Amino acid sequence: MRIAVVGGGPGGLYFSLLAKQLGPGHEISVWERNAPDDTFGFGVVFSDETLGGIEHADPVIYAAMEREFARWDDIDIHFRPGDGRPDRLITSGGHGFAAMSRRTLLGILQDRCRSLGVTLRFRTEAPDPDELSGGHDLVVACDGVNSATRAKYADRFGPTVDTRQCRYMWLGTDKVFDAFTFDVRRTPYGVMQVHAYPYDATGSTFIVEMHDSVWRRAGFSAGSFAPGESDTAAIAVIGDLFADLLDGQQMRANNSRWISFGTVRCESWRAGNVVLLGDAAHTAHFSIGSGTKLAMEDALALAASLHEQSTVDDALAAYDAERRPVVVSTQRAAQASLEWFENLGRYVHQEPEQFAFNLLTRSRRVTLDNLRLRDPEFVSTVESAFSAGTGVAAGTPPMFHPYRLRGLELRNRVIVSPMDMYSAVDGVPADFHLVHLGSKALGGAGLVMTEMACVSADGRITPGCAGLWTDEQEAAWARVVEFVHGSSGAAIGLQLGHSGRKGSTKLMWEGIDEPLDEGNWEVCGPSAVAYSPDSQVPRELTRVDLDLIRDQFVAAAVRGARCGFDLLELHCAHGYLLSSFLSPLSNRRTDEYGGSLENRLRYPLEVFDAMRAVWPAERPMSVRVSATDWYDGGIEVDDAVRIGRAFAEHGVDAVDVSTGQVVKEERPAFGRSYQTPFADRIRNEVGRELGIAVVAVGALSSWDDVNSVILAGRADLCALGRVHLYDPQWTLHAAAEQGYAGPGAEWPAPFRAGSRRPQAGRTDGPRPRLELIRAGAPRTRHTRWRP
Ligand SMILES: Cc1cc2nc3c(=O)[nH]c(=O)nc-3n(C[C@H](O)[C@H](O)[C@H](O)COP(=O)(O)OP(=O)(O)OC[C@H]3O[C@@H](n4cnc5c(N)ncnc54)[C@H](O)[C@@H]3O)c2cc1C
Ligand SMILES: Cc1cc2nc3c(=O)[nH]c(=O)nc-3n(C[C@H](O)[C@H](O)[C@H](O)COP(=O)(O)O)c2cc1C
């Protein structure tokens with residue numbers, strides 16, 4: 001097979017040598033416009049996991065790399081808040097990194113290519129891709145982030161580049177750091193961060209990054225330099241700003257200038273017999289250290305697929321199938337990490353230990369328990385700082401810290417998220433609700449929320465939805481509340497809502513959001529905009545209607561107070577009536593209730609104020625919002641921050657941060673804890689300042705997630721829905737699995753006999769001797785240089 005490789009970076013070279021090893025008959029040529037030792041960047045870093053793959057793919061390469069690696073275990077976080085608090089250095093161990101200079105890595109790969117018979121053409125611009133494609137069976141385009149091949153066949157690859165808000169510069173320094181080092185400091189211009197790691201015994205990579213606004217304040221936008229030169233003026237300023245970190249050592253530049261990171265994504269990585277690989281196909285922010293790793297893993301997968309499949313077509317399909325999920329997942333983590341750094345200024349108020357934990361868990365891939373395994377000492381320091389001054393015993397898992405909302409003390413941070421059971425008759429909650437909510441309360445959560453109780457018959461979503469507009473409904477809810485208060489340590493909250501334009505539909509399991517086959521009632525909304533093409537067009541509400549519905553909310557709140565509910569939540573999410581006032585996609589009004597966000601907020605706030613006036617002063621109120629509509633032109637997180645602020649100014653005690661379900665054509669980015677960044681933003685921009693709690697919800701799947709969210713300060717409370725349908729005793733089981741039996745995790749007295757996991761016979765063989773020795777050994781900082 002004749003294979004043309006465009007670009008002699010790590011991706012192109014590694015692919016070529018692996019493909020040549022697997023198919024010695026292949027004729028492989030690499031075109032590289034630079035000289036062999038003419039390279040940008042300083043060091044490349046790999047985690048232990050990546051190295052496993054490289055080790056097995058080509059032991060010769062691995063052995064050569066192994067000889068060159070600088071290895072270390074620690075991450076040092078220098079935190080210099082610049083607000084009168086002292087600077088701190090916090091170290092977290094057990095991470096396992098290896099790095100080497102990019103030049104050395106390319107040298108190793110080039111030597112191996114030569115020895116295997118790959119043709120390397122340096123200082124040579126690759127021919128036009130059309131020409132290469134005609135003369136070769138396969139063209140592998142590894143021509144980097146600015147890939148001309150990708151641009152040439154843009155209509156086939158469907159690329160997008162998401163250019164971000166930070167500016168960064170790759171530099172080197174003679175200072176040899178002995179750990180992966182983050183330095184976050186407030187400068188006269190704003191918060192900047194340095195991200196540095198050693199690559200050999202002579203130097204370290206030193207990347208400085210800051211938000212575009214900080215960059216402008218520092219005057220960096222005025223830099224002028226000739227093509228190919230470094231921005232020496234900016235480098236001198238950076239040297240001064242970080243002089244203490246550099247310890248008098250020199251900075252090194254190599255064509256170093258400011259860059260805005262762009263995340264490259266492609267709908268397809270192939271166009272006929274041309275395939276993209278490495279940075280040409282996708283990029284991931286450097287803060288998760290993955291560019292070189294992804295390129296080399298792509299190379300491995302493509303070489304293996306070519307070997308395993310009988311045609312180029314099948315090989316390219318197999319390559320895509322193997323790599324796309326990994327790339328999407330890495331890009332998701334990288335996106336979380338880059339957004340965290342973009343918004344760094346939001347977190348510098350945190351205590352140093354919490355800040356360090358927040359930084360380490362920023363991509364949400366690393367959790368409290370991961371870190372506990374790597375470095376128990378670090379985790380115990382962070383947990384102690386979280387407990388300090390709260391009166392909560394050290395060692396209490398974060399999720400079992402109590403939380404106060406006005407006069408309500410929650411025993412822990414877990415909430416059973418509101419879930420419609422579609423099992424009421426005429427809006428009356430049935431025995432089903434008593435058993436459902438009662439069992440959740442017995443299951444250990446601090447707060448159990450009812451499903452959305454509707455404020456009128458027409459305000460129901462389906463005929464099976466529960467409500468609170470009749471005496472019979474009130475009596476049935478009072479029975480549920482009485483059970484929860486009498487038999488459990490949980491509090492119980494009432495969620496009130498009106499379905500608006502999403503009403504008059506079938507039960508969830510008969511056809512979610514589909515109109516009823518018969519007996520439909522008229523639906524209403526801010527404007528005559530249907531939820532989906534199949535939905536009824538709602539009647540636009542008049543001023544008289546608005547007053548009537550507001551009064552229905554008030555009447556239901558009065559009934560809820562009489563039932564004894566501990567908390568009242570106003571449902572302003574998921575496209576129901578109040579949510580559809582907030583979203584410009586469903587609210588097209590031209591009166592004072594439509595148009596600007598201030599106007600769109602007017603009716604939900606009127607309802608909130610009216611309810612707050614009748615709801616007992618010592619009992620808290622929360623509001624549930626959709627922090628994004630996941631659709632162009634809809635609510636975005638900036639709006640959600642303003643919505644949170646508006647409710648906080650009107651006296652809300654907590655904002656429960658959900659997303660979406662406002663328009664049928666939404667495009668949500670689902671994934672583990674995918675809504676948490678929205679909660680994080682509202683908490684750290686509004687919650688802290690105005691003293692309100694923020695609730696995270698959505699695919700929080702483990703107690704480790706909950707502990708991590710709380711400990712990092714991303715939210716104050718966590719609501720979990722479906723996991724409670726899977727396991728009504730989720731919170732008690734979480735306590736047992738963590739070996740915790742203290743306050744906030746009490747089993748109901750009648751259940752105590754079952755409070756330990758049933759015995760399953762002996763499963764614990766003798767522990768390996770070395771593990772025992774290691775467990776007793778003091779933690780050491782381990783840095784090694786070769787040669
Ligand atoms: C300025 C900069 C510095 C970086 N420094 C580091 C670092 O220190 N550590 C790290 O881990 N990652 C670093 N990265 C990211 C990392 O280099 C990439 O993720 C990784 O190199 C991707 O490998 P690749 O083979 O896909 O592309 P690249 O390494 O970008 O290689 C592409 C190659 O193609 C060549 N090329 C492009 N077009 C043509 C053409 N038409 N004809 C001939 N040759 C062509 C280029 O000269 C280049 O050598 C850096 C990125 C940038 C932009
Ligand atoms: C069966 C079901 C019914 C739901 N009903 C409601 C509801 O009445 N009110 C509400 O605000 N959210 C409702 N939700 C959304 C949940 O409260 C929660 O936000 C969502 O399930 C995401 O959390 P999870 O991933 O922990 O399940 C419902 C979810 C499910 C699965």
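Order of appearance sets the numbers: ligands from 1, and atoms from 1 within every ligand. Everything numeric in this text was worked out from a predicted model, so none of it was measured.
For ligand 2 and Q495, the ligand atoms under 4.0 Å from any heavy atom of the residue are 7 (C), 8 (O), 9 (N), 10 (C), 11 (O). Against a heavy-atom cut-off of under 4.0 Å, H571 is close to the following atoms of ligand 2: 9 (N), 10 (C), 11 (O). Listed by number with element, the atoms of ligand 1 under 4.0 angstrom from any heavy atom of G144 are 27 (O), 30 (O), 32 (C). Interface atoms of ligand 1 facing G11, defined by a heavy-atom separation under 4.0 Å, are 25 (O). In summary, the atoms of ligand 1 found under 4.0 Å from a heavy atom of G9, numbered by their order in the structure, are 25 (O), 29 (O), 31 (O), 33 (C). Distances below 4.0 Å separate heavy atoms of T292 from the following atoms of ligand 1: 10 (C), 11 (O), 12 (N), 16 (C), 19 (O), 20 (C). Near L720, with a cut-off below 4.0 Å to any heavy atom, the atoms of ligand 2 are 26 (O). Close approach of ligand 2 to G698 is summarised as follows: ligand atoms under 4.0 Å from at least one heavy atom of the residue are 22 (C), 23 (O), 25 (O). Taking every heavy atom of T124 and a limit of under 4.0 angstrom, the matching atoms of ligand 1 come to 43 (C). For ligand 1, the atoms closer than 4.0 angstrom to any heavy atom of N34 are 47 (O). Proximity to P10 (heavy-atom distance under 4.0 Å) selects the following atoms of ligand 1: 21 (O), 23 (O), 25 (O), 29 (O). Every atom of ligand 1 is numbered from 1 in the order shown, and the set under 4.0 Å from a heavy atom of W31 is 43 (C), 44 (N).
At distances below 3.5 Å, not a single donor-acceptor pair connects side-chain atoms of R413 with backbone N or O atoms of C718.
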For this session: Decide side chain to side chain donor-acceptor pair (under 3.5 Å) for D705 and S673; before the verdict, give the C-alpha distance in whole Å, the side-chain angles of both, and the deciding distance to 0.1 Å.
Result: CA-CA 8 Å; D705 281 346; S673 64; 5.4 Å; no
For this session: Run the numbers on D513 and K506 for salt bridge (charged side-chain N to carboxylate O under 4.0 Å, His left out), then give the verdict.
Result: CA-CA 7 Å; D513 298 328; K506 295 181 181 170; over 6 Å; no
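Residue A699 has at least one nitrogen or oxygen atom sitting less than 3.5 Å from a nitrogen or oxygen atom of ligand 2, judged on distance alone. For ligand 1, the polar-atom distance check finds no N/O of G7 at less than 3.5 Å from any of the ligand's N/O atoms. At under 3.5 Å, not a single nitrogen or oxygen of V145, backbone or side chain, sits near a nitrogen or oxygen of ligand 1. Of the polar atoms of V6, none of the N or O atoms is found under 3.5 Å from an N or O of ligand 1, judged by distance alone. Looking at ligand 2, you'll find an N or O of D420 within less than 3.5 Å of one of its N or O atoms. For the pair D279 and ligand 1, the shortest N or O to N or O distance falls below 3.5 Å.
Residues H195 and F180 bring their aromatic ring centres within 6.0 Å. The aromatic ring centres of F678 and W630 sit less than 6.0 Å apart. Checked against the 6.0 Å centroid criterion, the rings of F97 and Y197 do not qualify as a close aromatic pair. Taking the ring centroids of H282 and W269, they lie under the 6.0 Å cut-off. When ring centroids are compared, Y168 and F286 come within the 6.0 Å threshold.
The residues K152 and D130 are annotated as salt-bridged, a charged nitrogen and a carboxylate oxygen being separated by less than 4.0 angstrom. Residues D320 and R270 are not paired through a salt bridge, judged by the lack of any N-O separation under 4.0 Å between the basic side chain and the carboxylate. Under the 4.0 Å criterion applied to side-chain N and carboxylate O atoms, R257 and D231 are not assigned as salt-bridge partners.
Of the candidates M452, R624, M449, R722, R624 brings a heavy atom nearest to atom 10 (C) of ligand 2. For atom 17 (O) of ligand 2, the nearest non-hydrogen atom from the set S658, S673, G721, P418 belongs to P418. The closest non-hydrogen atom to atom 23 (O) of ligand 1, taken over G278, A141, A295, A299, comes from A295. Of the options D143, V30, D128, the smallest heavy-atom separation from atom 37 (C) of ligand 1 is shown by D143. Nearest-residue assignment for atom 39 (C) of ligand 1 (options M296, R123, R121, R33; heavy-atom criterion): R33.
At least one heavy atom of Y197 sits less than 4.0 Å from an atom of ligand 1. No heavy atom of H724 sits closer than 4.0 Å to any atom of ligand 2. Using a 4.0 Å heavy-atom cutoff, N255 is absent from the residues neighbouring ligand 1. Using a non-hydrogen distance threshold of 4.0 Å, L700 does not register as a contact of ligand 2. Assignment of C142 to the shell around ligand 1 is supported, since a heavy atom sits closer than 4.0 Å. Within the 4.0 Å heavy-atom cutoff, V723 does not count among the residues contacting ligand 2.
The closest protein non-hydrogen atom to atom 18 (C) of ligand 2 is S417 OG, 3.6 Å. Ranking protein heavy atoms by distance to atom 30 (C) of ligand 2, first place goes to M419 CG, 3.8 Å. Residue, atom and distance of the protein heavy atom nearest to atom 20 (C) of ligand 2 are V697 CG2, 4.7 Å.
Heavy-atom contacts from other residues, nucleotides or ligands closer than 6.0 Å to CZ of R123 number 12 or fewer.
Side chains of D279 and T283: no donor on one and acceptor on the other come within 3.5 Å.
Neither the backbone nor the side chain of M421 comes within 4.0 Å of ligand 2, counting heavy atoms alone. Residue contacts with ligand 1 for F42 involve N, CA, C or O but no side-chain atom from C-beta outward (heavy atoms, distance under 4.0 Å). At a heavy-atom cutoff of 4.0 Å, ligand 1 is contacted by no atom of T283, backbone or side chain.
Remark: R167 fails to qualify as a cation-pi partner of W258 under the 6.0 Å distance and 45° angle criteria applied to the six-membered ring. Figure legend: cation-pi geometry between K502 and Y576, with NZ or CZ positioned under 6.0 Å from the six-membered ring centre and within 45° of its axis. A cation-pi arrangement is absent between R460 and W469 under the rule of less than 6.0 angstrom and at most 45 degrees off the ring axis.
A heavy-atom distance below 4.5 Å is not found between the side chains of S626 and Q661. Between M100 and D200, the closest side-chain pair of non-hydrogen atoms is not below 4.5 Å. Within the 4.5 Å cutoff, no side-chain heavy atoms of M452 are placed close to those of L496. Side-chain contact between F42 and T173: absent, with no pair of heavy atoms (C-beta onward) separated by less than 4.5 Å.
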